[in-house]
Amino acid sequence: MPELPEVETVANGVDARVRGQRIDSVWLSRYKEPFKTSRSEMAEALPGLRIERVYREGKHIVFDLSGTEGGAVQWVVHLGMTGRLLVSAAELPLAKHTHAALGLSSGQELRFVDARRFGRLALVRVENGAGFRGPGHEPLSIAPEDFVALFRGRTLTIKAALLNQTLLHGVGNIYADESLFRAGIRPTRAAGRLSRARLVRLHGALQEILRKAIELGGSSVSDYVDADGVAGFFQLEHRVYMRTGEPCLVCGRPIHRIVLAGRGTHFCLHCQR
DNA sequence: ATATGGCCCTGGTTGC
DNA sequence: TGCAACCAGGGCCATA
């Protein structure tokens with residue numbers, strides 16, 4: 001599932017291929033989802049606009065667009081679970097579950113493919129120069145003290161807190177489990193009862209694995225691929241995620257799996273307290 | 001306000 | 001071997 005490192009990889013890859021190009025044509029599927037902005041509004045607004053820049057904001061991919069008369073707009077893409085953004089030759093037939101195909105001035109097409117339709121496409125107007133903002137704090141740049149303050153007084157588990165996008169945005173199931181393992185914290189602990197020192201350690205562990213994962217092009221576990229259709233390699237670095245029953249790489253005891261916040265949660269009973 | 005659980009979706013895996 | 005039931009989970013919404 002695409003989380004911060006995967007979304008960052010896709011955004012950078014797409015930026016390198018489509019920056020500066022004009023959107024000449026728009027094709028959209030007939031489904032209600034994944035369109036957050038109506039299909040008709042999107043199909044009418046996009047043609048003629050120029051892509052100035054593509055970047056990540058939380059788990060969202062933001063396209064800065066210019067060329068409108070009534071002020072700048074952004075095209076915001078959320079990959080959900082199975083969403084893919086691909087730049088491909090316009091001649092290639094549309095893959096199954098394609099929901100958007102933007103014809104570009106280069107002759108190529110930017111395509112959004114999403115089997116499960118948990119992804120979202122939206123058109124956002126830029127108000128007073130402020131672009132789209134994600135719901136929470138940015139994990140890669142939040143200061144340790146601000147990170148610690150996020151969890152103060154909270155009774156939910158630290159795992160659920162890490163997944164809550166209004167606190168930190170960008171962390172999903174893989175990096176929540178992996179950062180908790182590296183910080184030695186059991187996922188079931190109440191977020192507000194963890195010591196400052198342990199939260200600072202979690203802050204460091206989370207930033208470290210997110211940076212490492214970005215370097216490796218993300219984790220390819222379900223059908224995640226980057227803008228070229230190429231898989232990432234961070235899954236080779238997973239120490240607990242999807243390793244249920246396998247020996248802990250530190251102590252050798254079997255990795256446990258429980259369900260927390262409705263998500264599969266993997267951890268070592270011995271190494272995480 | 002905060003926390004929890006159900007729901008949406010399809011494809012891969014599991015089990016008979 | 002074939003088929004059906006089951007499971008995965010990000011974000012949103014109703015509920016407690």
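- The aromatic rings of F35(A) and H99(A) sit perpendicular, their planes meeting at an angle over 60°, well past the 30° parallel limit.
- Rounded to whole Å, the distance from CZ on R116(A) to P on dC12(C) is 18 Å.
- The interatomic distance linking H266(A) (NE2) with dA8(C) (P) rounds to 8 Å, in whole Å.
- At dG11(B), one or more side-chain N or O atoms of H97(A) fall inside 4.0 Å of OP1 or OP2 (strictly under the cut-off).
- Exactly one residue among R116(A), R120(A), R39(A) makes a salt bridge (Lys or Arg N to Asp or Glu O under 4.0 Å) with E33(A). That residue is R120(A).
- Taking side-chain N and O atoms only, Y241(A) has a distance below 4.0 Å to OP1 or OP2 of dG9(C).
- Looking at R117(A), its side chain has no donor and acceptor atom pair within 3.5 Å of the base of dG10(C).
- OP1 or OP2 of dG11(C) has at least one side-chain nitrogen or oxygen of H78(A) nearer than 4.0 Å.
- Side chain of D114(A) to main chain of G119(A): a donor-acceptor pair is present (N/O by atom type, distance under 3.5 Å, no hydrogens or angles).
- Taking the six-membered ring where tryptophan is involved, the planes of F267(A) and H256(A) are tilted, since the angle between them lies from 30° to 60°.
- Within the nucleic acid shown, R257(A) comes within 4.0 Å of sugar-phosphate atoms alone, with no base atom in reach, counting heavy atoms only.
- For the pair K59(A) and dG11(C), the criterion of a side-chain N or O lying under 4.0 Å from OP1 or OP2 is met.
- Residue L163(A) contributes atom CG, which lies 7 Å from atom P of dG10(C) at whole-angstrom precision.
- Listed nucleotides: dC9(B), dT10(B), dT4(B). Nearest to the side chain of E33(A): dC9(B).
- Remark: ring of F118(A) overlaps the six-membered base ring of dG10(C) in a stacked fashion, centroids less than 5.5 Å apart, planes less than 30° apart.
- Heavy-atom neighbours of E44(A) CD from other residues, nucleotides or ligands within 6.0 Å: at or below the threshold of 12.
- Among the protein residues, R154(A) comes within range of the sugar-phosphate backbone only, with heavy atoms under 4.0 Å from sugar or phosphate atoms but none that close to a base.
- With hydrogens and angles ignored, the 3.5 Å screen pairs a side-chain donor or acceptor of Q165(A) with a backbone N or O of G170(A).
- For the pair R152(A) CZ and dA1(B) C1', the interatomic distance rounds to 18 Å; values are reported in whole Å.
- Remark: C1' of dC9(B) and CG of D114(A) are 9 Å apart, rounded to the nearest angstrom.
- Taking atom OH of Y175(A) as the reference point, atom P of dG10(C) lies 12 Å away to the nearest angstrom.
- Close to dG11(B), at under 4.0 Å from its OP1 or OP2, lies a side-chain N or O of K96(A).
- G264(A) comes within 4.0 angstrom of the backbone, heavy atoms only, and of no base.
- Distance alone, capped at 3.5 Å, is enough to place a donor-acceptor pair between the S105(A) side chain and the R22(A) backbone.
- For R120(A), no side-chain nitrogen or oxygen approaches OP1 or OP2 of dG11(C) to under 4.0 Å.
- In this structure, L260(A) atom CG and dA3(B) atom C1' are separated by 13 Å, rounded to whole Å.
- Look at CZ on R84(A): it is 13 Å from C1' on dT10(B), rounded to the nearest Å.
- Taking the screw axis at each terminus of the helix from dT2(B)-dA16(C) to dC16(B)-dG2(C) from five consecutive base pairs, the angle between the two is 50° to within rounding of 10 degrees.
- Salt bridge annotation for D177(A)-R263(A): absent, with no cationic side-chain nitrogen under 4.0 angstrom from a carboxylate oxygen.
- Among the atoms of the strands shown, none is found under 4.0 Å from any heavy atom of E3(A).
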